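Reviewing the structure listed below.
This structure is a prediction, so every number in the text was calculated from the model and none was measured. All residue numbers in this chain count up from 1 along the given sequence.
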Amino acid sequence: QVQLVESGGGLVQAGDSLRLSCAASGRTFSAYAMGWFRQAPGKEREFVASISWSGARTVYGDSVKGPFTISRDNAKNAVYLQMNSLKPEDTAVYYCAAAKTTAWEPPMRQYEYEYWGQGTQVTVSS
């Protein structure tokens with residue numbers, strides 16, 4: 001069982017940066033690939049980024065390539081999402097998720113993730 005708690009969301013202006021954090025419980029955090037997803041009002045939840053269990057491999061959704069960076073610290077049981085050059089269209093609830101896999105390629109699909117956090121709101125004003 002893994003529990004995930006996101007933090008770091010808030011209200012910012014276009015062009016600003018935010019760093020989201022996700023704290024995970026459990027002793028086997030390094031056995032999980034981690035992902036970030038987001039859901040904007042009236043839209044389906046979409047893939048943002050994922051990182052393999054070791055941190056060696058990262059994958060990004062097409063809408064966030066460049067400005068966003070995912071990273072993890074297995075010693076702290078934490079995964080991060082650095083978001084730069086934020087735009088109003090980045091406004092959404094951001095969710096952290098965990099998938100028990102040590103595959104080289106981290107998952108990108110929601111159904112591949114077993115555990116989810118409650119989400120943190122990010123609002124970008126123009």
_Evaluate Thr120 against Val93 for side chain to side chain contact (heavy atoms under 4.5 Å, CB included), listing each step before the verdict._
CA-CA 5 Å; Thr120 185; Val93 177; over 6 Å; no
Donor-acceptor list for residues 32-41 side chains, cut-off 3.5 Å, not counting sequence neighbours:
unit_1 : atom_1 : unit_2 : atom_2 : d
Arg38  : NE     : Glu46  : OE2    : 2.6
Arg38  : NH1    : Asp90  : OD1    : 2.9
Arg38  : NH1    : Tyr94  : OH     : 2.9
Arg38  : NH2    : Glu46  : OE2    : 3.0
Arg38  : NH2    : Ser63  : OG     : 3.2
Gln39  : NE2    : Lys43  : O      : 3.1

*asked:* Using the rule given for side chain to side chain contact (heavy atoms under 4.5 Å, CB included), can you reason through Ser71 versus Gln82, listing the C-alpha separation, both sets of side-chain angles and the distance that settles it, and then say yes or no?
replied: CA-CA 8 Å; Ser71 61; Gln82 177 67 42; over 6 Å; no
*Apply the side chain to side chain contact (heavy atoms under 4.5 Å, CB included) test between Pro106 and each candidate in Ile70, Thr101, Val59; give the one that qualifies.*
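Running side chain to side chain contact (heavy atoms under 4.5 Å, CB included) over Ile70, Thr101, Val59 with Pro106 returns exactly one hit, Val59.
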_Test: Arg19 cationic atom under 6.0 Å from Tyr80 six-membered ring centre, within 45° of axis_ =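 So Arg19 does make the cation-pi contact.
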*asked:* I want to check a possible cation-pi pair here: Arg45 against Tyr95, using under 6.0 Å from ring centre and within 45° of the ring axis as the test.
replied: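 Yes, Arg45 lies over the aromatic ring of Tyr95.
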_Using side chain to side chain contact (heavy atoms under 4.5 Å, CB included), reason through Val12 and Thr123 one step at a time and then give a plain yes or no._
CA-CA 6 Å; Val12 297; Thr123 303; over 6 Å; no
*Would you sort out whether Thr69 and Leu81 count as a side chain to side chain contact (heavy atoms under 4.5 Å, CB included), showing the intermediate values?*
CA-CA 6 Å; Thr69 303; Leu81 185 68; over 6 Å; no
Between [X] and [Y], what is the shortest heavy-atom contact and its length?
X	Y	result
Asp73	Phe29	O-CE2, 4.1 Å
Tyr115	Leu4	O-CD1, 3.6 Å
Pro107	Glu112	CB-OE1, 3.5 Å
Ala14	Pro88	CB-CD, 4.1 Å

Please check if the side chain of [X] supplies one atom and the backbone of [Y] the other of a donor-acceptor pair under 3.5 Å.
X	Y	answer
Tyr113	Cys96	no
Gln118	Val5	no
Gln3	Ser25	no

Hey, does [Y] have a side-chain heavy atom less than 4.5 Å from the side chain of [X]?
X	Y	answer
Val124	Asp16	no
Lys100	Trp53	no
Val122	Thr91	no

[atom1]/[X] to [atom2]/[Y] distance, rounded to the nearest 0.5 angstrom?
X	Y	atom1	atom2	answer
Cys22	Arg72	SG	CZ	10.0 Å
Thr58	Phe68	OG1	CZ	14.0 Å
Thr28	Gln1	OG1	CD	11.0 Å
Arg57	Ser50	CZ	OG	8.0 Å

*Spell out, yes or no, whether Phe47 and Leu20 are grouped together once hydrophobic residues are joined by side-chain heavy atoms under 4.5 Å, including indirect joins.*
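Cluster IDs for Phe47 and Leu20 differ.
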*Does Ile51 belong to the same Ile/Leu/Val/Met/Phe/Trp/Tyr cluster as Tyr60, with side-chain heavy atoms less than 4.5 Å apart forming each link?*
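Looking at the clustering, Tyr60 is in the same group as Ile51.
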